[in-house]
Structures are given as C-alpha cells and as structure tokens.
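Heads up: numbering here begins at 1 and tracks the sequence. This structure is a prediction, so every number in the text was calculated from the model and none was measured.
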Amino acid sequence: MSTTYPTSSEEERETAIEAAAQAVQRGGLVVLPTDTVYGIGADAFDHAAVQALLDAKGRGREMPPPVLISAATTLAALATKVPSYVEALTEAFWPGPLTLVCQQQPSLTWDLGETRGTVAVRMPDHEVALALLERTGPLAVSSANLSGLPAATEAAAADGMLGESVEVVLDGGPSPKGEASTILDVRGDRPRLLRLGALSVADLDTVLEPLGVTVIEDEE
C-alpha cells in the first residue's frame, strides 16, 4: 500500500522527496506530479522496477515508458546521433510538455521494453518532479493510470488506480496542464509528429522554421 505525502511547504516537500527517492533506490514505484499529468515512476536502470511499472499499469513491453530527466544536458548521455535542430527545441520547450524520441546510446544497460533502439526523453516543468529527478537520476515514467483509463491529474486519482502497486505518492495538487506531452521522433533530418499534446505543431514550427526545418505530420 502507498503512503501519500503533501508537498505544499518546503519542509513537507523535503520529507516527500526523500521518501520517494528512497523508494526508488529500493526498486519501488512512486507516483509523482508533472506539468502535464501525474506519472508512475521507477529507476530507469532497474530492470525489475521497470517491469513492475508496466505490470502495475497492465501494459505490455511493446509500449516502453519514456524517461524523465532533470537537465537538458543529460540527453547527450542517453541519446546518440541527435540532429542539430534538437538543441533549439530543448532550449525553447524544456522544461516542458515535449517528449523527444531519439536513438539511444548503445552503451546503456537498461531494459525499458521493446524500444527498437530508441528512447523517449522529456524534462518536465514541475519543481517537485525535478527535485526528485535530481536525487534519483533518470526515471522511467508513464502516465499514472491503468491501461485504457484516463491519466490521473490529481494524486488521489492516481492512488485510487495504482495505490496497491506503488510505495509513495507525491501530492503536488492538480496538474497544471492536465494534457499529455507532444511527442516528436527526432531521429531524422526533420522531426516527425507521433502524438499531438500540449504543444501544437505551430508552436514547434515557430522555433524550427528559422533553421529551415518543419515538423512532418502524418498526412505528409
């Protein structure tokens, strides 16, 4: 069963972050707030913990979780052959609701599922999430919900669906956006839209067009 920790005050937040970080280090699962929706997280390098995350959601290995990071510079340690336009995207939209699917570094020893050599990476714009990530390093994080149900935008909803599987729930209040991130595949000369979310294609193209690049949408 999970324990829910408030994060309203500085003292509460420190207690909550420490409890969550210790749970992650033990191989446990935690629920954390982000700028989009609540997430369920595990140590990205702990194979058993990542499998437990997928099991908790009722999700198969064919849908590997994204990885959340606390600094844009960490991307270079996780991804390789990153096109030059990605720097403009991360400068403009990280931290924020943009997930980038990259070719993963071949030296990584994690097992996120059937990734086909890719890794989806995001830096969330939420101080509680970032504080936890600074303690733990990269976390495999998927939306906090049972597969097929809407993603939780409040801690209580996440706990109701996943409380039996997680150790710690960080209550950061209602999700600021309540909408999932936009996902781009950035393995090519132009980024390809995989999922439209909180960022529009127009938002992205405003940053990319000065570089002579635009987002490829499905109809192209």
Just jot down the side chain to side chain donor-acceptor pair (under 3.5 Å) partners of [X], sequence neighbours excluded, or say none.
{"X": "S181", "value": "T99, R195"}
{"X": "T7", "value": "none"}
{"X": "W94", "value": "none"}
{"X": "D35", "value": "R122"}

Heavy-atom pair with the smallest gap, counting every atom of [X] and [Y]:
{"X": "A21", "Y": "R135", "result": "CB-CB, 4.0 Å"}
{"X": "A79", "Y": "V82", "result": "CB-CG2, 3.8 Å"}
{"X": "V213", "Y": "D189", "result": "CG1-O, 4.1 Å"}
{"X": "V30", "Y": "A20", "result": "CG1-O, 3.7 Å"}
{"X": "P65", "Y": "S142", "result": "CB-CB, 4.3 Å"}
{"X": "T115", "Y": "Q104", "result": "OG1-OE1, 4.2 Å"}

Test item: [X] and [Y] side chains (from C-beta on) under 4.5 Å apart, heavy atoms:
{"X": "I69", "Y": "L133", "result": "no"}
{"X": "L130", "Y": "P124", "result": "yes"}
{"X": "T182", "Y": "L193", "result": "yes"}
{"X": "L89", "Y": "L204", "result": "yes"}
{"X": "L132", "Y": "L139", "result": "yes"}

Applying a strict under-4.5 Å side-chain criterion to I, L, V, M, F, W and Y, I'd like to know whether [X] and [Y] cluster together.
{"X": "I183", "Y": "V215", "result": "no"}
{"X": "F93", "Y": "V121", "result": "yes"}
{"X": "V207", "Y": "V101", "result": "no"}
{"X": "V86", "Y": "V201", "result": "yes"}
{"X": "L208", "Y": "L196", "result": "yes"}

Hey, could you give me the [atom1]/[atom2] distance between [X] and [Y], rounded to the nearest 0.5 Å?
{"X": "H47", "Y": "L112", "atom1": "NE2", "atom2": "CG", "answer": "8.5 Å"}
{"X": "T206", "Y": "L199", "atom1": "OG1", "atom2": "CG", "answer": "10.5 Å"}
{"X": "L75", "Y": "E87", "atom1": "CG", "atom2": "CD", "answer": "10.5 Å"}
{"X": "D46", "Y": "L53", "atom1": "CG", "atom2": "CG", "answer": "11.0 Å"}

Any pair counted as salt bridge (Lys or Arg N to Asp or Glu O under 4.0 Å), so long as it reaches residues 56-78, sequence neighbours left out: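 As it turns out, the salt bridge (Lys or Arg N to Asp or Glu O under 4.0 Å) pairs with a partner in residues 56-78, which skip direct neighbours, are R61-D111.
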Residues clustering with M63 (ILVMFWY side chains joined when closer than 4.5 Å, directly or via others):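 Once heavy-atom contacts under 4.5 Å are chained together, M63 still belongs with nothing else.
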Option passing side-chain contact (heavy atoms from CB on, under 4.5 Å) with R190 (candidates L184, T214, D185):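 Of L184, T214, D185, side-chain contact (heavy atoms from CB on, under 4.5 Å) with R190 is met by T214 alone.
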E12 CD: over 12 foreign heavy atoms closer than 6.0 Å: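 Counting other residues, nucleotides and ligands, CD of E12 exceeds 12 neighbours.
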Residues which pass ring-ring contact (aromatic ring centres under 6.0 Å, His included) with F45, listed by chain and number, not counting sequence neighbours: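 Residues passing ring-ring contact (aromatic ring centres under 6.0 Å, His included) with F45: W110.
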side-chain hydrogen bond (donor to acceptor under 3.5 Å, both in side chains): pairs with one or both residues in residues 67-86, sequence neighbours excluded: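 Checked against side-chain hydrogen bond (donor to acceptor under 3.5 Å, both in side chains) - neighbours excluded - no pair reaches residues 67-86.
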Residue pairs passing the ring-ring contact (aromatic ring centres under 6.0 Å, His included) test where at least one lies in residues 166-209, sequence neighbours excluded: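 ring-ring contact (aromatic ring centres under 6.0 Å, His included) check on residues 166-209 returns no pairs.
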Pairs of donor and acceptor atoms involving the side chains of residues 150-176, under 3.5 Å and at least two apart or interchain, shall be tabulated with distances.
from	atom 1	to	atom 2	distance (Å)
D159	OD1	S2	OG	2.6
E167	OE1	R26	NE	3.4
E167	OE1	R26	NH2	2.5
D171	OD1	G173	N	2.9
S175	OG	T153	O	3.2

For E209, salt bridge (charged side-chain N to carboxylate O under 4.0 Å, His left out) partners two or more places apart: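 Once residues adjacent in sequence are excluded, E209 has no partner under the salt bridge (charged side-chain N to carboxylate O under 4.0 Å, His left out) criterion.
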For E134, salt bridge (charged side-chain N to carboxylate O under 4.0 Å, His left out) partners two or more places apart: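 Once residues adjacent in sequence are excluded, E134 has no partner under the salt bridge (charged side-chain N to carboxylate O under 4.0 Å, His left out) criterion.
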Under 3.5 Å donor-acceptor, H126 side chain and T36 backbone: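 Judged by distance alone, no pair lies under 3.5 Å.
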